[in-house]
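Data block below; observations after.
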Amino acid sequence: MEFFQSIDWMQLLRCFIVGGFICIIGQILIDKTKLTPARILVIFVTTGAILGGLGIYQYLIDFAGCGATVPLTGFGNNLARGAIEEVSKSGFIGAFVGGTKAAAGGIAAAIFFGYIASLISKPKMKKQ
């Protein structure tokens, strides 16, 4: 029972609401526009990078924790933050390598688990 008492239920609720809201926006874009999933992905990552570069996204992370860092907007924020930090250390070249260094763990995990999923599942082509 001690485990359940140590959980911050309000933080969990904020995480769920913010992450869910980001997903709702994505679902609305899929359902109500002619944007392809790839363009929606780019919109989310770019939005996160812009908000992260301006320092605005950090407020959302402070409020919602993983509800803000796990979605694609969090990935964009991570890229921007890494690039900004690396520029201060390495100069201009840091703008190119910083984002990749900051997001390397997430990128590697996505590749690894995507590969595992491809071995387990039987992907089918989408019928036109």
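- Checked by atom type and distance alone, the side chain of Asn77 never pairs as donor or acceptor with a backbone atom of Thr69 at under 3.5 Å.
- Considering all non-hydrogen atoms of both residues, Ala102 and Gly82 come closest at CB-CA, 3.6 Å.
- Here the straight-line distance linking atom CD1 of Ile43 with atom OG1 of Thr33 works out to 7.5 Å at 0.5 Å rounding.
- For Asp8, there are no side chain to side chain donor-acceptor pair (under 3.5 Å) partners two or more places apart in sequence or in a different chain.
- One distance of note links CG of Leu12 with CZ of Arg14; it measures 10.0 Å at 0.5 Å rounding.
- The two atoms that bring Ala95 and Ala83 nearest to each other are O-CB, 3.9 Å, heavy atoms only.
- The structure places CZ of Phe63 at 14.0 Å from CD of Gln58, a figure rounded to the nearest 0.5 Å.
- Atoms CG and OG1, on Asn78 and Thr73 in that order, are 11.5 Å from each other to the nearest 0.5 Å.
- Closest approach of Cys15 to Gly67, counting heavy atoms only: SG-N, 3.0 Å.
- Hydrophobic clustering keeps Leu79 apart from Val70 (ILVMFWY residues linked when any side-chain heavy atoms are closer than 4.5 Å, directly or through intermediates).
- Linking Ile, Leu, Val, Met, Phe, Trp and Tyr whenever their side-chain heavy atoms come within less than 4.5 Å leaves Ile17 and Trp9 in two separate clusters.
- Shown here for Gly94 and Val87, the closest heavy-atom pair between the two residues is C-CG2, 3.8 Å.
- The cluster map of Ile, Leu, Val, Met, Phe, Trp and Tyr, joined by side-chain heavy atoms under 4.5 Å apart, puts Leu72 and Ile111 in the same cluster.
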Inset, instruction - For side-chain contact (heavy atoms from CB on, under 4.5 Å), just list the numbers for Ile107 and Phe75, CA-CA rounded to whole Å, side-chain angles, deciding distance to a tenth of an Å, and then say yes or no. - result: CA-CA 10 Å; Ile107 294 168; Phe75 179 71; 4.0 Å; yes

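- Residues satisfying the side chain to side chain contact (heavy atoms under 4.5 Å, CB included) test with Ile120, not counting sequence neighbours, are Ile116.
- Between Tyr57 and Leu60, the closest side-chain pair of non-hydrogen atoms falls below 4.5 Å.
- Here the options are Ile30, Asp31, Ile24, the test is side chain to side chain contact (heavy atoms under 4.5 Å, CB included), and the partner is Ile28; only Ile24 passes.
- A single hydrophobic cluster is seen to contain both Leu41 and Leu29, as judged by linkage of ILVMFWY side chains at heavy-atom distances under 4.5 Å, directly or through other members.
- Taking both residues in full, the closest heavy atoms of Ala80 and Gly52 are given as CB-C, 4.4 Å, listed atom of the first, atom of the second, then distance.
- Phe44 and Ile50 fall within a single hydrophobic cluster, where Ile, Leu, Val, Met, Phe, Trp and Tyr side chains are chained together by heavy-atom contacts under 4.5 Å.
- Think of Phe92 as one node in a network of Ile, Leu, Val, Met, Phe, Trp and Tyr side chains linked at under 4.5 Å; its network also takes in Ile93, Phe96.
- Considering CZ of Arg81 and CD1 of Ile84, their distance stands at 9.5 Å, rounded to 0.5 Å.
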